There are 2 protein chains.
Amino acid sequence: MTRIKPTKRTTIYDLAHLAGTSASAVSAVLNGNWKKRRISSQLAEKITRIAEEQGYALNMQASLLRREKSKIIGMIVPKYDNRYFGSIVEMFEAMARERGLFPIITCTRRDPDLEIEAARTMLSYQCDWMVATGATDPDRITEICAAAGVGSLNLDLPGSRAPSVISDNYAGARELTLRVLKKCETRFGGKEPLLFVGGRGTDHNTSERLRGFRDAHEAFGVPVDEHHLLACGYAPDKAAGALRDLQARGEDLPHGLFVNSTISLEGVMRWMSETGHYGDRQPVMGCFDWDPFVALLGHDIEMVRQDVPAMLKEVFDIIDTGTAKLPLVEIPPIFIG
Amino acid sequence: MTRIKPTKRTTIYDLAHLAGTSASAVSAVLNGNWKKRRISSQLAEKITRIAEEQGYALNMQASLLRREKSKIIGMIVPKYDNRYFGSIVEMFEAMARERGLFPIITCTRRDPDLEIEAARTMLSYQCDWMVATGATDPDRITEICAAAGVGSLNLDLPGSRAPSVISDNYAGARELTLRVLKKCETRFGGKEPLLFVGGRGTDHNTSERLRGFRDAHEAFGVPVDEHHLLACGYAPDKAAGALRDLQARGEDLPHGLFVNSTISLEGVMRWMSETGHYGDRQPVMGCFDWDPFVALLGHDIEMVRQDVPAMLKEVFDIIDTGTAKLPLVEIPPIFIG
DNA sequence: AATTCTTGCTTCATCGATTGAGCAATTGCG
DNA sequence: CGCAATTGCTCAATCGATGAAGCAAGAATT
């Protein structure tokens with residue numbers, strides 16, 4: 001049960017009081033034209049320090065002025081280059097608008113600094129709520145929002161300080177792995193461990209999927225090959241590079257692949273077509289993510305489609321009621337193929 | 001040479017003056033709680049009428065108050081379900097941020113009413129610039145923006161009242177058509193016209209691509225089959241439906257297809273795999289758009305990738321300088337395959 | 001006829017940041 | 001020493017929308 005406490009935002013007057021100076025001096029210092037207005041750097045430093053201590057954020061719209069709620073809802077999203085985030089954003093916008101909220105979305109390209117900067121910018125626009133999607137450091141964002149009295153939520157990747165809505169990565173990956181293992185056995189005869197490609201070892205989703213991957217192997221009665229767990233990042237180039245390295249080390253490539261996202265799959269497919277490694281005998285693949293064209297590839301690819309409508313329903317349930325029943329909601333993904 | 005004139009926005013005081021009443025009455029009427037504040041419907045109607053005449057837009061942030069420039073730049077985009085618009089949005093955001101602008105993006109799902117509503121909302125947030133991407137009625141948006149003294153720009157689909165940056169649809173489609181025609185001749189022997197699927201006959205891009213399609217056929221010395229021009233809309237279902245209808249009418253399907261977007265291609269591919277129509281003998285296809293997985297499909301697909309970086313460079317050149325050298329900039333797309 | 005209630009407005013203070021005007025204290029100059 | 005120039009601030013008005021408080025005129029009630 002998480003409740004959002006409406007704390008009062010720090011103002012230039014508060015800061016002026018704390019610094020024993022005037023609001024205009026604070027203003028001049030904080031918006032950077034203190035030199036032009038001939039404020040001493042002593043005072044400037046003092047004000048800057050106090051502002052930082054207080055977690056001050058510039059109130060961009062003195063207007064939303066007299067409206068206690070801005071009805072602005074911010075979302076941070078890593079990329080627009082895949083169907084998963086695309087549908088999250090599109091549906092998020094529609095659901096926000098349905099509720100009379102104004103969605104502001106920022107694409108942070110998996111850049112941690114940009115995530116923080118974007119969060120601060122949105123707060124200075126007085127957003128009432130913040131949804132951090134696939135954030136690299138969700139807790140940092142939660143912290144910044146909490147300091148401004150703004151509720152926040154994590155989507156896709158969980159945090160520990162705000163309610164989180166994510167896919168059931170463990171169960172999804174376990175089932176996907178099992179399916180690919182079985183298909184592999186049928187196709188090629190004999191039990192053989194899969195290759196895991198893509199994602200970051202440090203992120204929750206990848207580690208949960210790896211856990212499901214391992215448990216599926218154990219249930220299937222075949223040991224995981226530790227050299228074949230390539231959590232090399234999501235980008236196509238990284239996935240292709242990891243495979244290239246593996247090949248350069250003279251490792252045998254297995255007949256079955258677990259690919260951690262369509263983005264990584266893009267790299268895997270490119271590598272395959274460039275090196276012609278698998279030749280005509282395509283590997284059996286499982287992809288933790290969905291794309292309509294991947295479904296049509298002439299390859300054997302099982303897909304797990306994350307249930308975006310169900311995830312966003314949970315997100316807006318929390319926002320609508322202002323409370324989260326559970327700190328972490330895990331939504332079962334959908335199997336395709 | 002288009003120059004943006006900074007007109008003063010109409011306020012509730014202007015309206016109060018015009019209506020011979022007070023600003024608070026105007027405010028009450030315009031934000032809908034005039035019944036609660038017991039304003040006569042006579043006055044309410046008068047004020048409403050005058051507000052409409054004056055093209056009044058609510059100033060959502062009285063704050064951006066005292067700053068003549070909000071540094072907010074709005075973008076309207078139809079969908080997030082393909083790489084083209086995805087990369088437009090991602091790059092637009094990055095380029096805006098580079099310039100110290102705050103991008104606000106709204107996805108209007110090709111809904112004309114939502115486009116207008118989104119434009120109005122962005123104006124009430126005091127945006128300085130508006131980019132209408134793939135808008136169904138760009139001129140309407142230009143008009144609304146002009147009334148508020150805000151500069152606007154069209155991207156992807158052109159308008160007649162604001163500078164437009166689009167792909168060279170005619171040249172791209174002509175070349176793509178020629179390539180597919182030739183490939184078809186090589187593959188199947190004999191000259192044969194192609195089938196055109198997807199897009200809306202009413203939009204500029206589709207009609208220009210159709211023009212290129214026709215001219216390519218003429219240059220190739222083969223007549224276009226008028227029953228095989230299916231500008232049925234972009235959505236996958238519409239493309240699939242158009243093919244189903246064609247088949248139901250007992251028409252022969254040609255060996256070559258011109259597909260007007262990856263979105264339509266999704267429907268074409270689905271229809272092909274569901275009906276198994278072409279069987280093993282896949283048609284030769286050309287797609288006016290690009291997707292990494294389409295490139296990997298086991299099919300013969302030529303693609304035309306629209307040059308997003310070049311298009312956005314033009315867009316920001318206009319925004320940076322405040323002037324457009326030409327009313328219409330056509331960017332040559334890139335051939336792949 | 002006196003009082004209360006209702007109707008239909010207007011007045012005014014307010015939200016938080018910005019900036020022109022103003023002023024005391026110090027320094028410079030003849 | 002006296003006056004001007006400079007330095008380093010503070011004061012206070014302002015942007016546009018909102019809504020509580022207030023007020024005059026008429027209707028209803030006693």
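What you see below is based on every heavy atom in this structure, not just the backbone, and it leaves out hydrogens, waters and symmetry mates. A note on names: the letters A, B, ... follow the listed sequences, proteins ahead of strands, and every chain is numbered from 1. Not measured: the values here are computed from a predicted model.
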Only pairs under 3.5 Å count here: list side-chain donor-acceptor contacts from residues 92-104 of chain B, not counting sequence neighbours, and write none if there are none.
| residue | atom | partner | partner atom | Å |
| --- | --- | --- | --- | --- |
| B/Glu93 | OE1 | A/Cys107 | N | 2.6 |
| B/Glu93 | OE1 | B/Arg97 | NH2 | 2.9 |
| B/Glu93 | OE2 | A/Tyr80 | OH | 3.2 |
| B/Glu93 | OE2 | A/Cys107 | N | 3.4 |
| B/Arg99 | NE | B/Asp320 | OD1 | 2.9 |
| B/Arg99 | NE | B/Asp320 | OD2 | 3.0 |
| B/Arg99 | NH1 | B/Met95 | O | 3.1 |
| B/Arg99 | NH2 | B/Asp320 | OD2 | 3.1 |

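Among residues two or more places apart in sequence or in another chain, the side chain to side chain donor-acceptor pair (under 3.5 Å) test is passed with A/Ser87 by none. With sequence neighbours left out, A/Thr108 forms a side chain to side chain donor-acceptor pair (under 3.5 Å) with no residue at all. The side chain to side chain donor-acceptor pair (under 3.5 Å) search around A/Asp317 returns A/Lys313, not counting sequence neighbours. In this view, B/Glu314 satisfies the side chain to side chain donor-acceptor pair (under 3.5 Å) rule with no residue, not counting sequence neighbours.
In this structure, B/Lys71 atom NZ and C/dT18 atom C1' are separated by 15 Å, rounded to whole Å.
Overall, the helix from C/dA1-D/dT30 to C/dG30-D/dC1 carries an axis bend of 50° between its ends, with five pairs at each end and the value rounded to 10°.
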